Amino acid sequence: MTAPVFVVDGFDAGPAGRFVLDGPEGRHAVAVKRLHAGEDVVLTDGRGRWADAVVLGTEGKDRLIVQLDAYAEEPPGSPHITVVQALPKGDRGEVAVETMTETGVDAVVPWSASRCVTRWNGERGAKALAKWRSTARESGKQSRRVRFPEVADAMTTKQVAALLATADFAAVLHEDRDAASAALASADLPREGSVVLVVGPEGGVSPEELAAFAAVGAKPYRLGRSVLRTSTAGTAAVAVVMSRTGRWS
């Protein structure tokens, strides 16, 4: 099994590379993981910088002492993959963020689509956004990533259209018997630049939204014959893009 990942603000080590992991991360390492001298860990800032380290010992219940020699940096993945995720009901948004993070998404954009039942207003919206960001961080650690996905502020349809206009490949995941759509598995995907995928709510993307996205070059695509829920469609689409662009090679 690969070494557990812990998040740090920086890599400033003391004499002879002695580094102290404290705070919530140190507490988790000592009290939950119960790490001991000689075990390997990975430290990361979540933005691509990381370092292998070896546990030297512990101090109290929340300080892990490790040997840190040097750090490395993982370059951003190419193409950069963003999923615009319509707001689902309940905790399905967190499920979507968790599995997309595990699959390799680079950015997630919450979208307040016209057919969304859930609305992020005021304090409720701030709390929901914080949960999505916490989920991305924790899922990034769990899946041993050193570059965690960014979870942006929620966007309106107009803002999403502006984002799609900048993409090298833009797709709306949409299945409708009365509307033509191409298979994402056979799309001409770029190996560099940016890919933006739009996942609609359970009620689907409205005709007005489809028209707004089509106006900036985002065409409708389908994943297969079955219809996926909004909380799983993004993960499936990211997997298609990752495999077909070489990021899983």
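Heavy atoms only: backbone and side chains are in, while hydrogens, waters and symmetry mates are out. If you're wondering where the values come from, they're calculated on a predicted model, not measured in any experiment.
Residues Ala96 and Thr235 share a closest heavy-atom pair of O-OG1, 4.1 Å. Shown here for Leu87 and Pro110, the closest heavy-atom pair between the two residues is CD2-CB, 3.8 Å. Annotation for Val241 and Ile81: closest pair CG1-CD1, 3.6 Å, computed over non-hydrogen atoms. Of all heavy-atom pairs spanning Phe6 and Lys33, the tightest one is CZ-CG, 4.2 Å. Asp168 and Pro190 make their closest contact through CB-CG, 4.3 Å (heavy atoms, listed as atom of the first residue, atom of the second, distance). Taking both residues in full, the closest heavy atoms of Leu173 and Ala233 are given as CD1-O, 3.9 Å, listed atom of the first, atom of the second, then distance.
If you chain together hydrophobic residues whose side chains sit under 4.5 Å apart, Val83 and Val172 never meet in one group. Cluster membership for Val146 and Phe148, using ILVMFWY side-chain heavy atoms within less than 4.5 angstrom, is not shared. Note on Val105 and Val84: separate hydrophobic clusters, where clusters join Ile, Leu, Val, Met, Phe, Trp and Tyr whose side-chain heavy atoms are under 4.5 Å apart, directly or indirectly. Using a 4.5 Å cut-off between side-chain heavy atoms of Ile, Leu, Val, Met, Phe, Trp and Tyr, with links allowed through other members, Val151 and Val198 fall into different hydrophobic clusters.
A 4.5 Å side-chain heavy-atom check between Arg229 and Glu202 finds at least one atom pair inside the cut-off. Within the 4.5 Å cutoff, side-chain heavy atoms of Met100 are placed close to those of Gln85. Put simply, the side chain of Asp153 does not reach to within 4.5 Å of the side chain of Trp120, judged on heavy atoms. Looking only at side-chain heavy atoms (C-beta outward), His174 and Ser181 stay at 4.5 Å or farther from each other. Counting heavy atoms from C-beta outward, Thr99 and Thr232 have side chains that stay 4.5 Å or more apart.
Put simply, the side chain of Arg147 never gets that close to the backbone of Gly46: no donor and acceptor are under 3.5 Å apart. Judged by distance alone, the side chain of Arg49 and the main-chain N or O of Glu73 form no donor-acceptor pair under 3.5 Å. Using modelled atom types, one side-chain atom of Glu25 and one backbone atom of Val7 make a donor-acceptor pair closer than 3.5 Å. Judged purely by atom type and a 3.5 angstrom limit, Thr44 has no side-chain atom pairing as donor or acceptor with the backbone of Trp50. Without hydrogens or angle criteria, Thr135 side chain to Lys131 main chain gives a donor-acceptor distance under 3.5 Å. When atom types are taken as modelled, the side chain of Asp106 and the backbone of Thr82 share no donor-acceptor pair closer than 3.5 angstrom. In this structure, Glu209 contributes its side chain and Ser114 its backbone to a donor-acceptor pair below 3.5 Å. Arg92 places no side-chain N or O within 3.5 Å of a backbone atom of Thr230 that could act as its donor or acceptor partner. The backbone N or O of Asp91 lies less than 3.5 Å from no partner atom in the side chain of Glu94, so there is not a single donor-acceptor pair. Judged purely by atom type and a 3.5 angstrom limit, Thr245 has no side-chain atom pairing as donor or acceptor with the backbone of Arg191.
The aromatic ring centres of Phe169 and Tyr221 sit less than 6.0 Å apart.
In Glu138, the CD atom is crowded: over 12 heavy atoms of neighbouring residues, nucleotides or ligands sit closer than 6.0 Å. Within 6.0 Å of CZ in Phe11 there are more than 12 heavy atoms belonging to other residues, nucleotides or ligands.
Here OG1 of Thr157 is found 10.5 Å from CG of Leu210. Values are rounded to the nearest 0.5 Å.
Taking 4.0 Å as the cut-off between side-chain N and carboxylate O, Asp188 and Arg244 do not count as a salt-bridged pair.
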